[in-house]
Amino acid sequence: MDARLNAFGNPVAGKFLKHIVSAGKVVSDSTLPAATQELVKIRSSQINGCGFCTDMHTKDAAHAGETSTRLNLVAVWREAKVFTEAERAALELTEQGTRIADAAGGVTDEVWANAAKHYDEDQLAALVSLIALINAFNRLNVIIQQPAGDYQPGQFE
């Protein structure tokens, strides 16, 4: 299976990716915990059906020391005991922020307030930015049908 478009070789797509990767550095350098960042990227990618990003972020998380138990349970985090209350709040915000079209009104005040109990303003800004960013990456990869499975941790560093 080949992608419909070579996002890494096309000059327009390459320039766009360079800019959004640069924007992502702001989030990765923030005080939002790295494990939470990966969980958010994985959950959004699962919801959006982005195999490329799901492959990348599960491998990156495992490489960073995340357990297989937690990685295997991200999709069913509500029923899993392995996530902290803060992570659960981030995952709920991720789901509502990713499923905006499915819910009239978007993210509820209750979900926002719960996230705000666990994260300071800078971390919330990073979390919201990350949710928006991973959704952009997911959409790009789903549209061009970027194949999954070959990613190696650190491949794009």
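Side chains included, hydrogens not; waters and symmetry mates left out as well; all remaining heavy atoms used.
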Worksheet item: Taking the hydrophobic residues Ile, Leu, Val, Met, Phe, Trp and Tyr, and joining any pair whose side-chain heavy atoms are under 4.5 Å apart, which ones share a cluster with I42?
Response: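 Joined to I42, directly or through intermediates: L39, L71, L73, V74, V76, W77, V82, F83, L91.
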Counting only heavy atoms not in [X], do more than 12 sit closer than 6.0 Å to its [atom1] atom?
X	atom1	value
D29	CG	yes
D109	CG	no
F16	CZ	no

Are the side chain of [X] and the backbone of [Y] linked by a donor-acceptor contact shorter than 3.5 Å?
X	Y	result
E38	D60	no
S30	V27	yes
T58	D55	yes
S44	V40	no
R4	I143	yes
N135	I131	yes

Item to complete: Please work out which of the three classes, parallel, tilted or perpendicular, describes the rings of F8 and F52, given edges at 30° and 60°.
Response: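 Taking F8 first and then F52, their aromatic rings sit tilted (interplane angle of 30° to 60°).
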Item to complete: For Y119, check ring-ring contact (aromatic ring centres under 6.0 Å, His included) against everything at least two apart and list the hits.
Response: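 Testing Y119 for ring-ring contact (aromatic ring centres under 6.0 Å, His included), a comparison that skips the adjacent residues, returns none.
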Discussion item. Side-chain heavy atoms nearer than 4.5 Å, only ILVMFWY residues, links allowed to pass through others: does that put I134 and L17 together?
Written reply: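 The answer is yes; both residues are in one hydrophobic cluster.
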Item to complete: Spell out, yes or no, whether I100 and L133 are grouped together once hydrophobic residues are joined by side-chain heavy atoms under 4.5 Å, including indirect joins.
Response: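 They do not share one cluster, since no chain of ILVMFWY contacts under 4.5 Å joins I100 to L133.
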Practice prompt. Any chance you could measure H118, atom NE2, to L127, atom CG, to the nearest 0.5 Å?
Written response: 11.5 Å
Practice prompt. For the pair R70 and E87, find out whether any cationic side-chain nitrogen is under 4.0 Å from an anionic carboxylate oxygen.
Written response: yes
Worksheet item: Of the non-hydrogen atoms in Q123 and P33, which two are nearest, and what is the gap between them?
Response: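 Residues Q123 and P33, closest heavy atoms: NE2-CD, 4.2 Å.
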Discussion item. Show every side chain to side chain donor-acceptor pair (under 3.5 Å) that has at least one partner inside residues 8-24, sequence neighbours left out.
Written reply: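 Found none.
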